[in-house]
Amino acid sequence: VSTRPLLEQLIEALQCQPGIGPKSAQRIAFQLLERDRERGLKLAGILAEALERIGRCASCRTFTESEICRICASSVRDGSTLCVVESPVDVASIESAADYRGKYFVLMGHLSPIDGITPETLGLHLLEKRLEGGEVGELIVATGTTMEGEATAYYLKEIAARATVTATRIAHGVPMGGELEYVDGSTLSHAIASRREY
Ligand SMILES: [Zn+2]
């Protein structure tokens, strides 16, 4: 049991997030205590509930509190086109920027053997099974253009080839070394529209 003052513990706990250093953490803690106690309590409640109840979609691996996410469950989305992205942020970007009606597969990262991120970690065995299922006709690979993103794209192309699924790559307009997250909406929309086999 920690005997340190609660205020100190709060300030330290707030620093668990990237971008929040001691100064910011202190400012947030004081702000919550001075003026935002009610909203702070609401935040604490929703945070606890979200962390407990939000899991991964059994089909595409994105975050959801259901067994299957909204997009995977949708009957109006086209299951023959599957777009592979690195993170749920990318799904949100494509959803808001592009007129994409297919479904997604979310890797939650990219291949990086040095960091111990293997095809298994990224659920690529699940993806492979899905491609073998025969529903998917085109695999749109929208991983970043970083070295790891490109290595992942190469691996995905091989999986697609084994399942005789066409793999297309969005690259046009996405700067080399870039994460999808930082590409603006119209560029992203164009990048998807002008995807090509690779
Ligand atoms: Zn899903």
Side-chain angles (χ1 to χ4, degrees), residues 16-19 47 49-74 77-95 98 100-171 174-183 188 191-192 195-198:
C16 72
Q17 288 305 295
L47 183 62
E49 195 181 347
L51 292 176
E52 181 152 337
R53 291 185 39 213
I54 296 177
R56 302 273 192 86
C57 171
S59 178
C60 74
R61 290 170 39 95
T62 199
F63 294 130
T64 178
E65 64 212 73
S66 315
E67 166 84 14
I68 301 286
C69 78
R70 192 178 46 81
I71 293 176
C72 287
S74 166
R77 304 289 299 223
D78 172 17
S80 73
T81 313
L82 195 64
C83 181
V84 184
V85 293
E86 293 186 12
S87 83
V89 180
D90 300 333
V91 173
S93 304
I94 293 172
E95 285 297 292
Y100 177 68
R101 304 308 302 160
K103 294 186 175 178
Y104 295 93
F105 189 85
V106 185
L107 301 173
M108 299 280 181
H110 44 223
L111 287 177
S112 182
I114 292 175
D115 305 310
I117 302 175
T118 66
E120 290 280 295
T121 323
L122 302 179
L124 292 181
H125 52 296
L126 298 174
L127 178 65
E128 196 156 9
K129 217 181 241 171
R130 182 137 166 212
L131 294 183
E132 282 161 3
E135 193 198 358
V136 180
E138 180 186 1
L139 189 73
I140 302 176
V141 177
T143 54
T145 53
T146 56
M147 213 163 72
E148 294 86 356
E150 292 291 355
T152 309
Y154 183 77
Y155 194 93
L156 289 165
K157 183 188 151 119
E158 297 208 310
I159 290 180
R162 277 204 293 276
T164 60
V165 169
T166 304
T168 55
R169 180 89 169 105
I170 67 151
V174 178
M176 285 306 292
E179 300 280 3
L180 229 57
E181 190 178 342
Y182 305 112
V183 177
L188 185 57
I192 291 178
R195 66 186 181 269
R196 59 178 75 100
E197 285 190 52
Y198 67 108

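Only this structure's heavy atoms are used, side chains among them; waters, hydrogens and symmetry mates stay out. Since we're looking at a predicted model, the values are computed, not measured.
Of all the heavy atoms in S112 and D115, the pair that sits closest is OG-OD2, 2.6 Å. Listed here is the closest heavy atom pair of V136 and E138: CG1-O, 3.5 Å. Residue F105 comes nearest to R130 through the heavy atom pair CD1-NH1, 4.3 Å, listed as atom of the first residue, atom of the second, then distance. The two atoms that bring C57 and C72 nearest to each other are SG-SG, 3.8 Å, heavy atoms only. Counting all heavy atoms, side chain and backbone alike, A160 lies closest to L139 at CB-CD2, 4.1 Å.
Of the possible donor and acceptor atoms, none in the side chain of R162 sits under 3.5 Å from a partner among the backbone N and O of I159. Remark: the backbone N or O of I71 is not paired with any side-chain donor or acceptor of Y104 at under 3.5 angstrom. The closest donor-acceptor contact from the side chain of T152 to the backbone of L111 lies under 3.5 Å. Checking side-chain atoms of R61 against main-chain N and O of L107 turns up a donor-acceptor pair under 3.5 Å. Although no hydrogens or angles enter the test, the distance criterion places no donor-acceptor pair under 3.5 Å between the side chain of R195 and the main chain of A142. Of the possible donor and acceptor atoms, one in the side chain of Y198 sits under 3.5 Å from a partner among the backbone N and O of A153. Checking side-chain atoms of K103 against main-chain N and O of G79 turns up no donor-acceptor pair under 3.5 Å. Remark: side-chain polar atoms of S93 are paired, donor with acceptor, to backbone N or O of V89 under 3.5 angstrom.
Atoms CD and CG, from E132 and L127 in turn, are 10.0 Å apart once rounded to the nearest 0.5 Å. Of the inter-residue distances, the one linking I170 atom CD1 with C83 atom SG reads 6.5 Å to the nearest 0.5 angstrom. Atom CG of L126 is separated from atom CD of E120 by 8.5 Å, given to the nearest 0.5 angstrom.
Using a 4.5 Å heavy-atom cutoff, the side chains of M108 and F63 are in contact. By the 4.5 Å heavy-atom criterion applied to side chains, E197 and T168 are counted as neighbours. At a threshold of 4.5 Å between non-hydrogen side-chain atoms, the residues T62 and R70 do not count as touching.
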| said: Does T143 form a side chain to side chain contact (heavy atoms under 4.5 Å, CB included) with H110? I'd like the steps, not just the answer. | reply: CA-CA 8 Å; T143 54; H110 44 223; 5.9 Å; no
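The only option from V165, L131, L124, L122 that meets the side-chain contact (heavy atoms from CB on, under 4.5 Å) definition with L156 turns out to be L124.
Between E135 and R77 no salt bridge is recorded (no basic side-chain N to carboxylate O distance below 4.0 Å).
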